[in-house]
Amino acid sequence: MAAIYPNINGIPQLKTETARFVKAFMDIEVSPESCVPVTGSMQSTYASFLTSGQCYPDKQTILFIDLGLPVQKQQITVMGYACKSFDVYAYRGGKLRAKLESYLQSGQIAALTYSNPNNPGWFCLQEE
């Protein structure tokens, strides 16, 4: 079954369990309808970018917090959305918040992503 991609709307039981997981581990209530379980990161980012870009027609820019996965930027190009990015290495800790706010205050950002598949910098974001 792992080789079969599920319906893009997801499996109801898995959507419910995903909402329970988010509540249990992050103490955030989300509707199961808002959870979109997928098979693989490429399907998930494609579906997420497509959804984000269509939620608000005036917001068509995806912000990448790089070190990122270059193929995701190709997905954005295929969808016709704009893309902005910055290298997170220089903006960790308190600097990250200011950098994010500088992009988000424009009101044009539909979504932001931090995808770190191989982490050549060998660092992780911290809770702060």
Side-chain angles (χ1 to χ4, degrees):
M1 294 302 294
I4 300 171
Y5 281 78
N7 180 312
I8 196 68
N9 292 319
I11 299 166
Q13 182 179 0
L14 189 52
K15 293 170 76 77
T16 299
E17 293 304 314
T18 301
R20 287 184 60 225
F21 175 86
V22 171
K23 177 63 177 166
F25 287 93
M26 296 193 294
D27 197 25
I28 299 171
E29 299 253 355
V30 294
S31 163
E33 182 66 25
S34 299
C35 300
V36 185
V38 296
T39 305
S41 63
M42 294 309 300
Q43 183 191 20
S44 65
T45 55
Y46 197 88
S48 297
F49 295 151
L50 188 60
T51 301
S52 298
Q54 293 180 0
C55 283
Y56 300 98
D58 58 327
K59 295 182 180 186
Q60 297 280 301
T61 302
I62 309 298
L63 175 61
F64 288 87
I65 304 171
D66 286 334
L67 311 161
L69 188 57
V71 73
Q72 291 174 327
K73 293 176 183 169
Q74 289 300 315
Q75 289 178 330
I76 298 303
T77 301
V78 168
M79 290 181 222
Y81 298 154
C83 164
K84 294 191 182 228
S85 67
F86 66 92
D87 187 340
V88 71
Y89 192 81
Y91 297 98
R92 293 180 285 163
K95 294 179 183 178
L96 180 57
R97 181 183 183 116
K99 188 65 172 178
L100 287 172
E101 287 176 348
S102 75
Y103 282 98
L104 296 175
Q105 69 186 359
S106 73
Q108 298 300 307
I109 305 298
L112 60 91
T113 186
Y114 175 71
S115 180
N116 194 352
N118 60 2
N119 200 358
W122 293 104
F123 67 88
C124 296
L125 298 179
Q126 297 177 346
E127 188 172 329
E128 66 179 30

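Values below: every heavy atom of this structure, side chains too, minus hydrogens, waters and symmetry copies.
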Flag the pair Thr113 / Ile65 as yes when at least one side-chain heavy-atom distance between them is below 4.5 Å, and no otherwise.
no
Go through it in stages, so that I can follow the logic: the residues are Ile76 and Cys83, the test is side-chain contact (heavy atoms from CB on, under 4.5 Å), and I'd like the CA-CA distance, side-chain angles, deciding distance and then a yes or no.
CA-CA 7 Å; Ile76 298 303; Cys83 164; 4.0 Å; yes
Output every pair passing side-chain hydrogen bond (donor to acceptor under 3.5 Å, both in side chains) with a member in residues 45-64, not counting sequence neighbours, ordered by first then second residue.
Thr45-Gln75
Looking at Tyr81 and Leu50, what are the two nearest heavy atoms and their distance?
OH-O, 3.3 Å
Start with the C-alpha gap between Leu100 and Phe86, add the side-chain angles, then the distance that decides, and say whether side-chain contact (heavy atoms from CB on, under 4.5 Å) holds.
CA-CA 9 Å; Leu100 287 172; Phe86 66 92; 4.0 Å; yes
Contacts of Phe49 that satisfy ring pair (Phe, Tyr, Trp, His ring centres under 6.0 Å) - sequence neighbours left out:
Phe64
Residue pair Ile62 / Ala110: nearest heavy atoms and the distance that separates them
CD1-CB, 4.2 Å
So does Lys99 pair up with Asp87, basic N to acidic O under 4.0 Å?
no
Is it true that atom NZ of Lys84 has more than 12 heavy atoms of other residues, nucleotides or ligands lying nearer than 6.0 Å?
no
Can you check whether Pro12's main-chain N or O pairs, donor with acceptor, with Thr16's side chain at less than 3.5 Å?
yes
Would you say CD of Gln13 has more than 12 non-hydrogen atoms from neighbouring residues, nucleotides or ligands within 6.0 angstrom?
no
Quick check: does any side chain N or O of Arg92 sit under 3.5 Å from a backbone N or O of Tyr89, one acting as donor and the other as acceptor?
yes
Judged by atom type as modelled, is there a donor-acceptor pair below 3.5 Å linking the side chain of Lys15 to the main-chain atoms of Cys35?
yes
Quick check on the hydrophobic clustering: are Tyr114 and Leu96 connected, directly or via other members, by side-chain heavy-atom contacts under 4.5 Å?
yes
Less than 4.5 Å apart, side chain to side chain, heavy atoms only: is that true for Arg20 and Pro32?
no
Donor-acceptor pair, distance only, cut-off 3.5 Å: does the side chain of Ser106 make one with the backbone of Ser102?
no
Do Leu104 and Val88 belong to the same hydrophobic cluster, where Ile, Leu, Val, Met, Phe, Trp and Tyr are linked whenever their side-chain heavy atoms lie under 4.5 Å apart, directly or via other members?
yes
Heavy-atom distance under 4.5 Å between the side chains of Lys23 and Ile28, does that happen here?
no
Just wondering, more than 12 heavy atoms not from Tyr91 lying within 6.0 Å of its OH?
no
